[in-house]
Chemist: 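I'd like to ask you about the structure that follows.
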Amino acid sequence: MFDRIKEDINSVFDRDPAARTSFEVLLNYPGLHAIWFHRISHKLWKANWKLLARLFSTFSRWLTGIEIHPGATIGKRFFIDHGMGVVIGGTAEIGDDVTLYQGVTLGGTSWKAGKRHPTLEDNVVIGAGAQVLGPITIGKGGKVGSNSVVVKDVPENATAVGIPGRIVPDKKEKEEHDKREQVAKQYGFDAYAVSADNPDPVAKAIGRLIDHVHLMDNRVTDLCKEINAMGGDVCSKDLPELRVGEFVEDEKAAAKRREGIVESFDPEI
């Protein structure tokens, strides 16, 4: 028991630079107190002392501001920073080295019996105010941004943000997206038309076409270099400029006409 308490205190120093001494952590970190109370209430719950287990969890909530149902399963080195307003449901499962901040809810979306709450695998971090709802899984190393509402699974080492939570592209995907935007601007397209987050199928199709054009440009450039190195003379002239200005202006004019139609619409007709 004392080794487990020592491990919990050390995990605070690993994740909170404000921690100064072990005695200070022992006295002033309600997240630790809530976890220790939960271990007692969880053992009572498993031993079928349900009422006594709930009494312990209720006392812990009154003392710490953190509500952990006795039925929740929690792994090693679990850390709740600040803690006020954290709610963890009865069928929640939490792995090792997980970190939660204040205001987090691991809640359910149904009144049906059975698994109703999230599963957090090892090394997950949930930001302040985030709501993780339903029998979903946050994969190992996953992160949820502050104030996000996540109702779908999050893959390993991925980050979910927003309402509803969506997966943020990783570094490689972001680099590819940035390249696509640069090529789009080169040919006169707006960045919105090639956004990876855009649900418009036409925008996605344009994005794919731009990727293809970019790939073909690179290949043609490489071919020109090889032919010129062999004594040829190709690609010495610049390609004609691709003019899309007229298309953009036509689209703007069409948008204005549509606005005029909406403004003149009589709902009583």
Side-chain angles (χ1 to χ4, degrees), residues 95 97 119-127 130 132 136-262:
D97 301 296
T119 296
L120 276 52
E121 296 185 349
D122 299 345
N123 296 297
V124 167
V125 178
I126 310 295
V132 184
I136 62 174
T137 299
I138 310 297
K140 292 182 179 180
K143 296 178 176 62
V144 175
S146 297
N147 297 314
S148 300
V149 178
V150 180
V151 293
K152 293 182 179 180
D153 292 347
V154 175
E156 292 186 7
N157 300 311
T159 301
V161 298
I163 304 174
R166 70 183 192 283
I167 306 302
V168 177
D170 60 23
K171 185 178 181 181
K172 182 178 179 181
E173 290 177 344
K174 187 176 186 302
E175 288 175 354
E176 292 177 353
H177 176 59
D178 291 343
K179 288 180 181 177
R180 181 183 285 181
E181 283 194 334
Q182 291 175 5
V183 177
K185 290 176 181 177
Q186 176 184 344
Y187 288 103
F189 290 103
D190 252 340
Y192 79 87
V194 293
S195 172
D197 296 328
N198 200 324
D200 185 354
V202 176
K204 288 185 177 180
I206 292 173
R208 293 292 180 88
L209 288 172
I210 289 174
D211 288 341
H212 183 75
V213 169
H214 181 49
L215 178 62
M216 294 303 297
D217 280 351
N218 289 337
R219 291 186 177 180
V220 170
T221 300
D222 292 340
L223 286 171
C224 290
K225 288 179 180 178
E226 293 296 328
I227 294 172
N228 288 339
M230 297 170 62
D233 184 17
V234 296
C235 302
S236 57
K237 295 182 180 180
D238 294 333
L239 293 173
E241 182 182 356
L242 179 63
R243 299 180 180 275
V244 295
E246 293 180 0
F247 168 78
V248 174
E249 293 301 323
D250 289 345
E251 176 57 28
K252 289 181 179 178
K256 288 183 179 179
R257 289 196 298 271
R258 288 194 295 269
E259 290 177 1
I261 292 172
V262 171

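Residue numbers count from 1 along this sequence. Quantities reported herein were computed from a predicted structural model and do not represent experimental measurements.
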Chemist: So, do V149 and P164 sit near enough that their side-chain heavy atoms are less than 4.5 Å apart?
Modeler: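 A side-chain contact is absent here, since even the closest heavy-atom pair is not under 4.5 Å.
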Chemist: Using modelled atom types and a 3.5 Å cut-off, is there a donor and acceptor pairing between side-chain atoms of E121 and backbone atoms of K140?
Modeler: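 Answer holds: yes.
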Chemist: Hey, could you give me the CD/CG distance between E156 and N123, rounded to the nearest 0.5 Å?
Modeler: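 E156 CD to N123 CG: 10.5 Å, rounded to 0.5 Å.
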Chemist: Drop me the distance from M216's CE to T221's OG1, to the nearest 0.5 angstrom.
Modeler: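 Separation between the atoms: 10.5 Å.
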Chemist: Nearest heavy-atom pair of S148 and G162: which atoms, and what distance?
Modeler: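 Residues S148 and G162, closest heavy atoms: OG-N, 3.0 Å.
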Chemist: Report the distance from atom CD1 of I138 to atom CG of D122, rounding to the nearest 0.5 Å.
Modeler: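 Interatomic distance, I138 CD1 to D122 CG, rounded to 0.5 Å: 13.5 Å.
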Chemist: Provide the closest heavy-atom pair for I167 versus A160 in the form atom of the first, atom of the second, distance.
Modeler: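 It is CD1-CB, 4.2 Å.
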